[in-house]
Amino acid sequence: MKNIKATQFYKVRIRSYVTINNKVLYGAWSDYKIFGQQPKVNIKKAGKGVKLTWKKVKGAKNYTVYMSTKRNSGFKKVKTLKKNSLKITKFKKKKIKRNKTYYVYVVATTKSGKTKIKTPVSSAYWWKLY
């Protein structure tokens with residue numbers, strides 16, 4: 001699985017097989033499963049805020065940015081957008097403060113029929129303005 005890229009959604013299915021007396025017998029195909037990886041966020045200071053950027057995820061319809069002042073909880077949706085960057089100067093209607101740590105992550109979303117598929121969240125990225 002070394003060819004799996006973090007910047008793409010994948011649609012896969014599997015089936016088992018067994019070889020008996022040099023004859024290959026196949027099982028039924030599984031249902032399709034669609035998956036992707038959470039985009040890696042780059043954070044740079046931009047004026048009185050920060051600019052978040054990430055690589056586009058092939059197949060993504062949009063991206064949702066979540067933010068918190070706590071490491072493992074309290075994440076609030078900041079914005080859903082189609083592009084792969086966002087400048088943040090406020091959080092919860094207040095200006096971003098100096099010497100305060102903020103945490104952020106991005107979720108890529110795609111559609112399969114009427115079903116929305118989101119990348120799982122594995123980690124949050126943090127920054128502190130000085």
Side-chain angles (χ1 to χ4, degrees):
M1 301 209 60
K2 64 183 176 182
N3 295 331
I4 301 271
K5 297 177 184 173
T7 57
Q8 182 171 332
F9 277 98
Y10 289 91
K11 182 176 182 179
V12 297
R13 64 182 182 162
I14 60 171
R15 71 176 178 173
S16 60
Y17 71 93
V18 64
T19 304
I20 301 174
N21 296 330
N22 292 328
K23 186 174 180 178
V24 179
L25 303 172
Y26 293 95
W29 283 103
S30 69
D31 291 335
Y32 279 101
K33 176 75 175 169
I34 298 173
F35 69 94
Q37 291 183 4
Q38 175 186 1
K40 179 183 176 194
V41 179
N42 296 311
I43 303 166
K44 290 186 179 180
K45 186 175 179 183
K48 294 184 179 183
V50 294
K51 183 168 184 178
L52 310 177
T53 58
W54 55 91
K55 288 185 179 179
K56 287 187 176 187
V57 176
K58 187 176 178 181
K61 300 296 180 200
N62 60 46
Y63 305 94
T64 305
V65 178
Y66 294 88
M67 193 166 145
S68 176
T69 55
K70 299 177 186 170
R71 185 178 193 173
N72 295 315
S73 65
F75 283 89
K76 301 290 182 198
K77 181 170 119 175
V78 175
K79 190 168 187 172
T80 298
L81 58 159
K82 293 186 185 243
K83 60 183 182 173
N84 62 326
S85 66
L86 176 66
K87 184 176 179 182
I88 297 177
T89 56
K90 292 184 177 183
F91 179 56
K92 294 183 180 179
K93 298 181 182 181
K94 296 178 183 175
K95 290 182 182 179
I96 300 236
K97 296 180 182 177
R98 293 184 174 275
N99 297 317
K100 184 170 180 103
T101 303
Y102 294 92
Y103 299 88
V104 68
Y105 65 83
V106 175
V107 174
T109 305
T110 191
K111 268 188 147 183
S112 176
K114 294 183 179 181
T115 306
K116 282 186 179 181
I117 295 135
K118 298 179 179 186
T119 55
V121 177
S122 57
S123 62
Y125 300 89
W126 66 274
W127 80 84
K128 185 186 281 192
L129 290 179
Y130 295 101

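Side-chain atoms are counted along with the backbone in the values below, which use heavy atoms only and exclude waters and symmetry mates.
- Annotation: side chain of Y63 is in contact with side chain of V57 (closest heavy-atom distance under 4.5 Å).
- Residue pairs meeting the side-chain hydrogen bond (donor to acceptor under 3.5 Å, both in side chains) criterion with at least one member in residues 6-16, sequence neighbours excluded, are R13-Y32.
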Pair up each side-chain donor or acceptor in residues 82-93 with any protein partner under 3.5 Å, not counting sequence neighbours, and list the distances.
residue : atom : partner : partner atom : Å
N84     : ND2  : W54     : O            : 2.7

Anything under 3.5 Å between a donor and an acceptor, one on a side chain of residues 35-44, the other on a protein residue two or more places apart or in another chain? List them.
residue : atom : partner : partner atom : Å
Q38     : OE1  : S122    : N            : 2.7
Q38     : OE1  : S122    : OG           : 3.1
Q38     : OE1  : S123    : N            : 3.1
Q38     : NE2  : S123    : O            : 2.7

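- By the side-chain hydrogen bond (donor to acceptor under 3.5 Å, both in side chains) test, T64 pairs with T80, sequence neighbours left out.
- Taken from OG1 in T109 to NZ in K118, the straight-line distance is 5.5 Å, to the nearest 0.5 Å.
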Under 3.5 Å, side-chain donor or acceptor atoms of residues 24-31 against the rest of the protein: list the pairs with distances, not counting sequence neighbours.
residue : atom : partner : partner atom : Å
S30     : OG   : I14     : N            : 2.9
S30     : OG   : I14     : O            : 3.3

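- For K97, the side-chain contact (heavy atoms from CB on, under 4.5 Å) partners at least two apart in sequence or on another chain are K100, Y102.
- F75 belongs to a hydrophobic cluster whose remaining members, ordered by chain and number, are Y66, Y103, Y105, V107, V121, W126; membership requires side-chain heavy atoms of ILVMFWY residues under 4.5 Å apart, directly or through intermediates.
- Atoms NZ and OG1, from K58 and T110 in turn, are 12.0 Å apart once rounded to the nearest 0.5 Å.
- Listed by first and then second residue, the side-chain hydrogen bond (donor to acceptor under 3.5 Å, both in side chains) pairs involving residues 67-77 amount to none (not counting sequence neighbours).
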Could you go step by step and tell me if M67 and L52 meet the side chain to side chain contact (heavy atoms under 4.5 Å, CB included) rule? CA-CA 12 Å; M67 193 166 145; L52 310 177; over 6 Å; no
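- Every residue two or more places apart in sequence or in another chain that forms a side-chain contact (heavy atoms from CB on, under 4.5 Å) with K45 is listed here: R98, L129.
- Annotation for K111 and K61: closest pair N-CG, 4.2 Å, computed over non-hydrogen atoms.
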